[in-house]
A.B. asks: 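Shown below is the structure under consideration.
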Protein chains: 6
Amino acid sequence: MLLHLSTWAEVGQYLTRSRSIVVPIGSNEQHGPTGLLGTDWLCPQIIAYEAEKRADLLIAPTFNIGMAQHHLAFAGTISLRPSTFIAAIGDWTRSLALHGFEKILFLNGHGGNIASIEAAFSELYAEASFARRRAGFALKLCNWWDLEGVGELAREQFPTGHGAHATPSEIAITQWALPESIKHAAYSPQIAPSGPIREALDFRARFADGRMGSDPAQASQERGGALVELAAQSLIREMEAFSRESVPD
Amino acid sequence: MLLHLSTWAEVGQYLTRSRSIVVPIGSNEQHGPTGLLGTDWLCPQIIAYEAEKRADLLIAPTFNIGMAQHHLAFAGTISLRPSTFIAAIGDWTRSLALHGFEKILFLNGHGGNIASIEAAFSELYAEASFARRRAGFALKLCNWWDLEGVGELAREQFPTGHGAHATPSEIAITQWALPESIKHAAYSPQIAPSGPIREALDFRARFADGRMGSDPAQASQERGGALVELAAQSLIREMEAFSRESVPD
Amino acid sequence: MLLHLSTWAEVGQYLTRSRSIVVPIGSNEQHGPTGLLGTDWLCPQIIAYEAEKRADLLIAPTFNIGMAQHHLAFAGTISLRPSTFIAAIGDWTRSLALHGFEKILFLNGHGGNIASIEAAFSELYAEASFARRRAGFALKLCNWWDLEGVGELAREQFPTGHGAHATPSEIAITQWALPESIKHAAYSPQIAPSGPIREALDFRARFADGRMGSDPAQASQERGGALVELAAQSLIREMEAFSRESVPD
Amino acid sequence: MLLHLSTWAEVGQYLTRSRSIVVPIGSNEQHGPTGLLGTDWLCPQIIAYEAEKRADLLIAPTFNIGMAQHHLAFAGTISLRPSTFIAAIGDWTRSLALHGFEKILFLNGHGGNIASIEAAFSELYAEASFARRRAGFALKLCNWWDLEGVGELAREQFPTGHGAHATPSEIAITQWALPESIKHAAYSPQIAPSGPIREALDFRARFADGRMGSDPAQASQERGGALVELAAQSLIREMEAFSRESVPD
Amino acid sequence: MLLHLSTWAEVGQYLTRSRSIVVPIGSNEQHGPTGLLGTDWLCPQIIAYEAEKRADLLIAPTFNIGMAQHHLAFAGTISLRPSTFIAAIGDWTRSLALHGFEKILFLNGHGGNIASIEAAFSELYAEASFARRRAGFALKLCNWWDLEGVGELAREQFPTGHGAHATPSEIAITQWALPESIKHAAYSPQIAPSGPIREALDFRARFADGRMGSDPAQASQERGGALVELAAQSLIREMEAFSRESVPD
Amino acid sequence: MLLHLSTWAEVGQYLTRSRSIVVPIGSNEQHGPTGLLGTDWLCPQIIAYEAEKRADLLIAPTFNIGMAQHHLAFAGTISLRPSTFIAAIGDWTRSLALHGFEKILFLNGHGGNIASIEAAFSELYAEASFARRRAGFALKLCNWWDLEGVGELAREQFPTGHGAHATPSEIAITQWALPESIKHAAYSPQIAPSGPIREALDFRARFADGRMGSDPAQASQERGGALVELAAQSLIREMEAFSRESVPD
């Protein structure tokens with residue numbers, strides 16, 4: 001069930017049978033010569049929608065802009081500052097909690113989001129802690145590549161040149177879902193360099209075409225499909241476990 | 001050209017021929033017994049994508065959560081506070097301006113967003129004004145129903161019972177674009193009451209099923225298609241005029 | 001009754017017979033060659049004080065600095081950023097609500113304030129909505145030129161050259177109330193140009209002497225007096241209606 | 001010269017002969033059984049306007065709402081939180097600095113404002129310090145009772161029962177300037193108690209009628225007039241000295 | 001009892017016999033040619049630890065970075081902006097209040113902190129006042145040099161050249177406590193100049209070696225020891241009085 | 001070299017030979033029945049001071065309060081909200097960068113700090129990225145248990161019952177450095193339970209005595225000494241490598 005294609009009454013009905021929701025969250029940022037700017041929010045959206053076809057899950061609209069300050073020297077990147085990101089995640093969560101959602105899983109597609117999302121969780125919990133009350137909800141961050149079995153499959157598919165940004169696995173997923181948007185380019189070097197992440201101009205100086213440690217040429221629709229299939233199944237199990245989890249008094 | 005389906009190099013190319021971009025912006029909020037929660041961000045997205053098929057426009061990802069605090073007593077609504085919304089619009093705009101976008105049009109689908117979006121524009125301009133420098137970009141807010149001819153067509157299609165929220169025109173647009181998500185319900189009264197907008201519990205007490213002054217039963221795919229067609233053409237002209245507009249020294 | 005010339009006990013007494021208050025709100029900003037910098041906060045103050053002479057109204061101190069970032073390239077303008085403005089309106093409102101004021105009408109004198117004031121209202125309502133409680137107060141924004149009959153009278157008085165900033169109507173009001181501060185200058189062109197509002201340097205480049213579309217030479221004390229008289233009467237009726245308005249359970 | 005009764009061109013002229021400005025700043029808060037709610041912003045305004053009649057001073061609009069959280073349990077009090085107050089003083093100052101004002105004196109009428117005003121100054125200076133640049137302006141806080149000779153005169157006029165809030169000296173000043181607003185009441189006890197300042201309910205529990213240590217019955221128009229006369233003269237000298245002060249390279 | 005060297009259970013025990021705590025607070029900033037950068041947080045820490053040896057006091061960790069923007073042009077200075085400082089003091093206080101601390105004394109070592117600390121107190125109290133509830137705690141700011149008798153002793157020890165920054169009294173205290181960190185330098189002039197405090201570059205231009213009005217050469221370990229001894233005793237009495245203070249209903 | 005025991009001139013001297021600095025950062029929070037509340041800031045401070053004895057390192061004052069919202073239901077815990085923490089780390093870093101520090105390593109002692117510290121780094125870098133300029137500094141987060149070899153040693157020392165909070169390794173370090181503060185208690189169960197981290201009341205319900213998965217009884221001064229020795233040496237190497245790291249143009 002996709003929240004944005006439902007009515008409020010349908011969501012009300014859903015809440016009588018489940019208090020759980022999945023929020024796909026990512027980033028809109030450069031992904032090298034061939035990766036789509038939307039890669040990081042498309043991947044969790046694709047996986048969540050695929051899971052939703054197979055189980056009674058509720059999927060929130062996709063949180064499509066994240067913390068991508070280091071990519072801002074490449075055209076098309078849109079970034080929130082961490083402080084803005086934390087405020088926005090806060091308002092999304094407070095809204096969902098008002099309706100009675102108790103288990104909110106953020107299915108994340110961007111490594112650069114992790115710290116800010118977790119800081120946002122702490123900011124939300126702190127609101128309850130400083131008020132000496134229970135939060136009433138549990139938050140979970142789950143990167144799609146950390147879903148059970150997915151990292152293993154990716155390492156098997158791409159034993160070398162997987163890298164950390166514009167990876168063949170994420171590009172394969174968008175290729176599978178959006179074949180009409182597959183792009184082609186030569187990579188030089190074939191495997192991009194690695195290094196630390198700092199501000200945008202430093203990033204551009206280190207990573208000339210935007211990739212980090214990756215060789216996206218290994219991506220294929222078929223491999224993307226296998227990743228999505230596995231990730232969708234794992235997400236369903238993850239949500240089942242999260243939903244069952246009880247809260248101590 | 002959809003930004004999220006493009007590479008950074010393609011956006012760089014686009015910038016050599018145009019400095020303009022459209023940002024669909026809306027809200028995820030209850031829309032009465034039959035309206036989709038995503039109505040207000042789907043409508044501008046649908047119109048923008050339709051325009052993009054006919055002209056060399058660049059469409060940013062959709063800003064899908066807006067200022068909907070008054071709808072929070074209906075399940076599924078997600079709202080940003082105005083302060084968060086202003087911060088986020090700020091970061092989107094600063095990101096786009098970094099790449100050289102000079103004319104940024106927010107195609108809006110939610111009346112409740114207007115004040116906060118304009119306040120966000122002022123916050124951004126004030127940054128330049130207090131620093132005694134030029135902003136380097138021009139911002140325009142355009143509600144899809146204010147696009148040339150669109151309001152007239154809607155009034156013609158729905159001479160009574162158009163109302164202000166969960167209107168037949170916006171529901172018709174989503175029906176046209178998403179026929180598999182058409183919902184049915186009886187409306188009582190046929191035309192919903194009107195009244196002021198305050199906090200969420202006040203809103204729910206005034207507007208029992210979420211509609212304001214509207215009779216969505218009048219919506220049809222056909223009428224939605226006509227609205228989208230007209231709005232897309234008007235958006236193209238709007239962007240042409242905005243792009244041509246020169247800035248005084 | 002002017003709040004600032006009353007004691008706390010007198011305000012306490014007033015609250016036993018009414019829960020309503022008027023807050024004149026404006027801006028301190030350039031108003032062309034002859035308009036006073038205080039025009040936009042003086043006008044609502046003048047009207048409110050005039051109404052107070054004729055009815056049992058309580059008038060708060062005047063909120064005299066608003067959102068005037070676009071005028072900052074003209075000497076004497078003082079502006080709040082929208083974010084500051086929203087915070088300040090918030091604290092004023094929270095203070096008044098603490099005392100039991102339930103109907104708070106902001107009588108506004110500056111078009112540039114509108115978006116930020118409405119965003120401030122939403123920020124305040126959102127506080128209640130996110131806390132799942134009633135706000136306990138209703139907020140109304142009323143521009144003096146939108147008071148019943150006032151716009152019509154102004155259009156009658158100034159069929160051409162009314163414009164949007166440094167208008168003959170607002171200048172006439174200050175001339176009526178402050179005859180010792182009437183200024184004289186030649187206008188060139190007689191009717192100022194129109195155009196969009198952006199950052200301060202852009203504004204100055206477009207509007208050389210600060211006026212927008214107006215010919216203030218048409219202002220006269222007499223016309224100002226007629227506007228004030230009508231506006232004061234309309235304000236009294238507006239407050240009566242607002243005060244009577246009931247809140248649904 | 002009163003800024004709000006001037007045009008931008010007149011302020012521009014003023015700036016060719018002086019870079020100094022006085023900002024009356026106070027609070028709108030309960031002042032005991034007979035003190036006006038506006039006392040703390042009226043006093044500096046009265047003194048500044050009186051000084052302006054005798055010297056070429058420029059007086060900004062009055063900053064009329066300050067930090068009065070402790071008075072919020074008395075009707076009519078309006079308070080900014082320190083954080084809002086600091087933000088607003090910041091925007092006033094940045095606006096004035098844009099026009100070239102280099103010496104900005106805040107003539108303060110409320111003891112409870114002092115810490116927040118000084119914190120605001122530090123916040124403004126820190127902006128420059130963290131940016132490794134000069135501020136371009138100097139800020140001075142001057143309480144009217146600290147103007148040369150004024151405290152001495154008040155102590156002479158009111159050797160006992162001057163107190164700290166709703167003092168006979170401030171009430172005398174408003175009596176002199178606003179004789180039509182003189183209020184009468186019996187005081188019990190004649191001299192109010194003293195004590196620490198904490199949150200509003202604590203304050204109300206300690207100071208039943210709002211006064212702190214004062215006997216306002218000693219106020220008279222005549223004494224108020226003498227205080228204003230002396231304060232106005234001292235303010236003129238203070239501004240002369242401040243204006244002459246040079247800044248090291 | 002030092003909080004950071006205790007377990008939570010020991011603090012819980014302490015709370016059964018006292019609801020009071022001392023928070024040493026200072027700044028890390030240049031202190032002239034011979035003063036330690038940590039002087040302003042070391043002094044209150046030294047005094048508090050000395051008092052703790054003689055009485056059943058609980059001492060919180062030292063708040064070691066304060067508002068030192070004016071010293072930022074000298075290497076090693078670390079400053080919070082007032083807004084950050086206020087936020088942090090807020091979180092410290094809210095944390096302590098959660099555990100039941102009702103009397104929180106900030107023993108301060110830096111004059112530049114005073115305004116921001118008091119503004120922070122008001123911000124905290126305002127939270128309660130705007131929520132129409134009691135704060136549940138009382139806050140006190142106490143500069144070590146204002147402890148009973150301490151200022152008198154310092155004036156006696158240093159009748160001339162005490163000054164306002166890098167004073168012989170504070171340097172004497174660190175010399176007594178940290179004899180291995182005593183530094184030597186010639187002072188020129190022997191007594192530093194005085195002047196106003198503005199932004200960092202202005203400060204450096206006025207106060208070439210960082211001192212303000214002081215002659216630190218007069219410091220000695222012996223004088224430092226006498227100051228600490230007296231201050232520790234006064235702090236104990238101060239805390240006894242503060243702890244005994246009752247709160248009105 | 002300890003910054004707080006140095007003069008500004010000495011720090012200036014240091015900057016002629018190095019642009020690097022270590023900031024010990026931790027948290028003040030409950031650490032089970034026997035762990036000190038200061039454990040998490042004492043550990044990095046102890047290690048940094050030990051390293052400083054053996055190499056030409058500059059150690060900043062310890063940032064002693066971190067993100068510990070989940071421990072707030074245990075007496076003595078002091079926490080910053082993530083937003084405050086980010087603001088404070090920002091001001092520390094901006095201050096240090098002003099003096100020319102280019103490599104700033106935060107030696108962290110608290111897992112709960114990691115997300116907020118990294119978010120703070122991104123916030124700082126974003127400031128540069130949005131301004132299209134280089135940051136001028138590189139930031140590194142290093143948890144002491146991640147220093148080369150340290151985790152391995154801890155796993156060897158404590159093959160079972162190391163756990164995640166109130167671990168024998170951190171307690172051993174404080175035992176080695178502060179033998180007079182060693183506490184004793186019985187643990188029940190011997191190895192504490194594990195589980196997710198949410199708000200404070202949830203935490204207390206899950207982890208009755210504050211430990212997470214640990215058996216602190218295994219701590220000893222000797223093991224603590226070995227950990228400190230190794231960590232200090234690794235920190236020196238880490239700083240050498242970080243200092244040598246060059247920045248691309």
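Atom set for the values below is all heavy atoms of this structure, side chains included, hydrogens, waters and symmetry mates excluded. Letters A, B, ... are given to chains in the order of the sequence lines, protein chains preceding strands, and every chain is numbered from 1.
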A.B. asks: Testing the basics here: between D:Ala75 and C:Gly12, what is the closest heavy-atom pair and its distance to 0.1 Å?
C.D. replies: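 Shortest heavy-atom separation between D:Ala75 and C:Gly12 comes out as CB-N, 3.9 Å.
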A.B. asks: Could you give me the CA-CA distance, side-chain angles and deciding distance for D:Leu37 and C:Val11, then say whether side-chain contact (heavy atoms from CB on, under 4.5 Å) is met?
C.D. replies: CA-CA 9 Å; D:Leu37 279 151; C:Val11 175; 3.4 Å; yes
A.B. asks: Could you tell me whether the side chain of C:Leu72 reaches within less than 4.5 Å of the side chain of D:Ser95, counting heavy atoms only?
C.D. replies: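 Sidechains of C:Leu72 and D:Ser95: in contact.
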A.B. asks: Let me know if C:Ala88 has heavy atoms under 4.5 Å from chain D in its side chain, its backbone, both or neither.
C.D. replies: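 The answer is both parts of C:Ala88.
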A.B. asks: Counting only heavy atoms closer than 4.5 Å, note whether C:Leu98 contacts chain D via side chain, backbone, both or neither.
C.D. replies: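 Just its side chain gets close to chain D.
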A.B. asks: Which heavy atom of C:Leu5 sits nearest to which heavy atom of D:Lys183, and what is that distance?
C.D. replies: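 Looking at all heavy atoms of both residues, the shortest contact is O-NZ, 2.7 Å.
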A.B. asks: Quick check against the 3.5 Å criterion: does C:Thr7 have a side-chain atom that pairs as donor or acceptor with the backbone of D:Thr34?
C.D. replies: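 No.
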A.B. asks: With a 3.5 Å distance limit and no angle check, can you tell me whether C:His99 reaches the backbone of D:Thr77 through a side-chain donor-acceptor pair?
C.D. replies: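 Between the backbone of D:Thr77 and the side chain of C:His99 there is a qualifying donor-acceptor contact (under 3.5 Å).
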A.B. asks: Between C:Gly32, C:Gly100, C:Ala60, which residue shows the highest count of heavy-atom pairs closer than 4.5 Å to chain D?
C.D. replies: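 Most pairs with chain D among the choices: C:Gly32.
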A.B. asks: Using modelled atom types only, decide if a donor and an acceptor are shared between the side chain of C:Asn64 and the backbone of D:Phe63 within a distance under 3.5 Å.
C.D. replies: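 No; zero donor-acceptor contacts below 3.5 Å.
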A.B. asks: For a quick test of reading the model, state the closest non-hydrogen atom pair linking D:Ser79 to C:Asp91 and the distance between them.
C.D. replies: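 Heavy atoms of D:Ser79 and C:Asp91 come nearest at O-CB, 3.4 Å.
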A.B. asks: Checking C:Glu180 against chain D: side chain, backbone, both or neither under 4.5 Å from a heavy atom?
C.D. replies: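 Contact with chain D involves no heavy atom of C:Glu180 at all.
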A.B. asks: Shorter than 4.5 Å, heavy atoms on both sides: which option in D:Ala73, D:Gly76, D:Gly35 has the most such pairs with chain C?
C.D. replies: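 Of D:Ala73, D:Gly76, D:Gly35, D:Gly76 has the most heavy-atom pairs under 4.5 Å with chain C.
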A.B. asks: Using heavy-atom distances under 4.5 Å, tell me whether D:Leu80 contacts chain C through its side chain, its backbone, both, or neither.
C.D. replies: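 Contact with chain C: backbone and side chain both.
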A.B. asks: Let me confirm one number: the CD1-CD1 distance from D:Ile65 to C:Ile65, rounded to the nearest 0.5 Å.
C.D. replies: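 That separation rounds to 13.0 Å.
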A.B. asks: Can C:Arg81 be said to sit on top of D:Trp92's aromatic six-ring, NZ or CZ under 6.0 Å from centre and within 45° of the ring axis?
C.D. replies: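 Here C:Arg81 fails the 6.0 Å and 45° test against D:Trp92.
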A.B. asks: Tell me which of these, C:Glu10, C:His31, C:His71, has more heavy-atom pairs under 4.5 Å with chain D than the rest.
C.D. replies: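 Counting heavy-atom pairs under 4.5 Å, the top option is C:Glu10.
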A.B. asks: Is it the backbone or the side chain of D:Leu2 that comes under 4.5 Å from a heavy atom of chain C, or both, or neither?
C.D. replies: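 For D:Leu2, there is no contact with chain C at all, as no heavy atom is under 4.5 Å.
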A.B. asks: Donor-acceptor pair, D:Trp8 side chain versus C:Glu29 backbone, under 3.5 Å?
C.D. replies: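 No, the answer is negative, given that no donor and acceptor are paired below the 3.5 Å cut-off.
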A.B. asks: If you define the side chain from C-beta out and look only at heavy atoms, does anything of D:Ile78 sit under 4.5 Å from C:Pro61?
C.D. replies: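 When only atoms from C-beta onward are counted, C:Pro61 and D:Ile78 do touch, with a gap below 4.5 Å.
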A.B. asks: Looking at C:Thr174, C:Leu58, C:Thr84, which one has more heavy-atom pairs under 4.5 Å with chain D than the rest?
C.D. replies: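 Highest number of heavy-atom pairs under 4.5 Å: C:Thr84.
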